[in-house]
Amino acid sequence: MKFGEAVREALDFCLGADPDVVVMGLGVPDPKGVFGTTVGLQKKHGAKRVMDMPTAENGMTGVLLGATLAGLRPVMVHQRLDFAVLAVEQIVNQAAKWRYMYGGRQSAPLVFRLITGRGWGQGTQHAQSLHSWFAHIPGLKVVMPATPGDAKGLLISAVEDDDPVVFIEHRWLHGVHGDVPAGAHRVPLGSARVARAGHDVTLFGVSYMVLECLRAAEFLAEHGVSAEVFDPRTLRPFDEAAFLASVRKTGRLVVADTSWTFSGFSAEAAALAADKAFSALKAPIKRLGLADCPMPSTPALANLCYPRAQELVDAAWSVCGKAGPAPRLPAPTTPLDVPDPSFTGPF
Amino acid sequence: MQRAVRLDLYRRLLRLRLVEERIAELYPQQEMRCPVHLSIGQEAAAVGVCAALEKGDWSMSGHRPHAHYLAMGGDLNAMMAELYGRATGCCGGKGGSMHLIDRKAGFMGATAIVASTIPMAVGAAFGSQVRGEKRVVVSFLGDAAVEEGVFHEAANFAVLKKLPVVFACENNLYSVYSGLGVRQPKGRVIHRQAASYGMKALAGDGNDVEESLALARQAVAWARSGKGPVFLELATYRWREHCGPNYDNDLGYRTMKEYRAWRKLCPLEAYERVLRKAKLLGDAELGLMRKDIAAELDAAVRFAKDSPAPDPKTLMTDVYAGAA
């Protein structure tokens, strides 16, 4: 099953399991159904529970936050993470604070599904990955699945969670296939996953970067480096124990983020490792992220912004103290600004 | 209206149509690797409003800005090069189709977030007022933009300060595939709602270029005279898909009946009929116009395709002032 279908299955399950679950967002019931993730849900669960909304992100976030007072468990969907930036007031000042500032007398069981774009000229305002912003906020939970199974299992857990959850989907994951358990499949928030075991270096990937880490690890194995791929799955709560166990095991850490490194989550991971596993470290920690500029539209420049498996191989080679230049992966056969050859734009 | 003015209006409409059709034709080559939101069907509103402006006036727009940019006199070569992601593009390739700008032409920018340029246009008018300049600023927006908080916040301020702003609202009935029916209450009249803030409100047929121009002239004169902002609602319709070069009626979010009814109200064909009837336009003039525009377009596409991709060194320029 594809990642996008797994998201849809999770929503379908939640709508079926709990009559208080509602799904709202611009384009949710439209024929394309947010890249297929909401197709058919309105027909099955009714227009009172699966609906479109005015183009009013901040106001509608407040409306859904208010709806939790009456017992609803809303899922709000944004076709781009960048659109949720308009609603940061309600998400950060309000939803994230409700439980705490009311001394536990209030909760905000909301899920925000945000989609990070990439490629095909998405540019400055359609390709941001601002998970580090949200992960900075006590009161919010931040989930970033990398596999279809985790997309379903984490989304169900997010909807059932009593706190506000920012659920970030990378657009390039929607078409990725994987095994998805049927029915009530739950993955607890705050539990990481070792996507591939290894002992020389930990490759820490966020969201789509897990796939690049796996590509790199597979290639590195052919060249005598055993890389472990660590997928945090949720950034907050963060599975510190699993992370530190991996770092202690390998003694080397490369963090690959879908966003900028400066003041980003990769810095948090590096700081945790340095703070709590310093004695286990055998080499300086390396971080990979976007070029430190807004995302340009033209592929000529945007292609330079994203780290890929090769950069991970280079970094792993370096921290492992290997002699000579790192081996080169075969050159990609599809254009760098599309996830796969079937993607021909424009959205 | 004078013959020359009418022919010029027609020529502008035709030019917008041919530019967008050329983009639609070339897009499948996959060399324009950015989202494109075409204005086909909505040309008359852009042409009418911009024709009412004077040199020195400004406008700003949203994610569907090609017609506004060109109607303001934005450089066609630079726009095509931007769509092709080239160094010679109006943003050097960094913006793409949704972020056109040509300050020389008074087109001060466009942005991909619905309604985000509305307060900026109000601010441009505020700045001009503070500096004692007689400029009018047009904020191009759509029917969904009035659902955003910033519209209401900016409208209030524009009325408070009697700012010379024209809110030119092209109501094309849809926000992506979401019709007005799921976004605004039945019976809502957008320009009347705007009037409730205390601004002048006008409305008309956005597919009739002369009507659009006449209304825009009224609006611009009112704004320039210091009486405050004007909301101008122009009814129109997007023919092609929300984003991309194709048609999307097969999706079923709007009916073929509705599409066909609007298709009959083609702003270009309607004006052609008017001018032919008035004996102002015949096959010969039309042929010449088409030939001229096609040549201009050929040159623009060639310019774009022949232009170099941006130098990788430019990736890190423009992040901050002074860092070349």
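Lettering of chains follows the sequences in order, A, B, ..., and the numbering in each one begins at 1.
- Within the 4.5 angstrom heavy-atom criterion, atoms from both the backbone and the side chain of A:D292 approach chain B.
- Interface with chain A: from residues 306-313 of chain B, residues B:A309, B:P310, B:D311, B:P312 qualify, criterion being any non-hydrogen pair under 4.5 Å.
- The side-chain heavy atoms of A:W120 and B:Q30, taken from C-beta on, include a pair separated by under 4.5 Å.
- Taking A:V85, A:V28, A:L304, A:L26 one by one and counting their heavy-atom pairs under 4.5 Å with chain B, the maximum is reached by A:L304.
- Around atom NE2 of B:H152, more than 12 heavy atoms belonging to other residues, nucleotides or ligands sit under 6.0 Å away.
- Close approach to chain A, defined as a heavy atom under 4.5 Å from one of its heavy atoms, is seen in B:S175, B:Y177, B:S178, B:V182, B:R183 of residues 174-183 of chain B, taken by number.
- Within the structure, the salt bridge (Lys or Arg N to Asp or Glu O under 4.0 Å) test picks out the following pairs touching residues 29-44 of chain A (sequence neighbours left out): A:D12-A:K44.
- Only the side chain of B:M98 comes within less than 4.5 Å of a heavy atom of chain A; its backbone N, CA, C and O stay farther away.
- Only the side chain of B:H99 comes within less than 4.5 Å of a heavy atom in chain A; its backbone stays farther off.
- Counting non-hydrogen atoms of neighbouring residues, nucleotides and ligands closer than 6.0 angstrom, the CZ atom of A:F262 reaches no more than 12 such neighbours.
- For a residue to count as touching a neighbouring chain, one of its non-hydrogen atoms must lie under 4.5 Å from one of that chain's; by this rule B:F151 does not touch chain A.
- Residues of residues 46-57 of chain A lying within less than 4.5 angstrom of chain B, judged on heavy atoms, are A:D52, A:M53, A:P54, A:T55, A:A56, A:E57 in numerical order.
- The CD atom of B:E148 lies 5.5 Å from the CG atom of A:L86; values are rounded to the nearest 0.5 Å.
- Looking at B:Q184, neither its backbone nor its side chain comes within 4.5 Å of chain A, counting heavy atoms on both sides.
- A heavy-atom distance below 4.5 Å is not found between the side chains of A:T298 and B:R86.
- To the nearest 0.5 Å, atom CD1 of residue B:I113 and atom NE2 of residue A:H126 are 6.0 Å apart.
- B:G96 and A:S297 make their closest contact through CA-OG, 3.3 Å (heavy atoms, listed as atom of the first residue, atom of the second, distance).
- No more than 12 heavy-atom neighbours from other residues, nucleotides or ligands sit within 6.0 angstrom of CZ on B:R192.
- Interface remark: B:T111 contributes backbone and side-chain atoms alike to the contact with chain A (heavy atom separation under 4.5 Å).
- Dense packing is recorded around NZ of A:K97, with more than 12 heavy atoms of other residues, nucleotides or ligands lying under 6.0 Å away.
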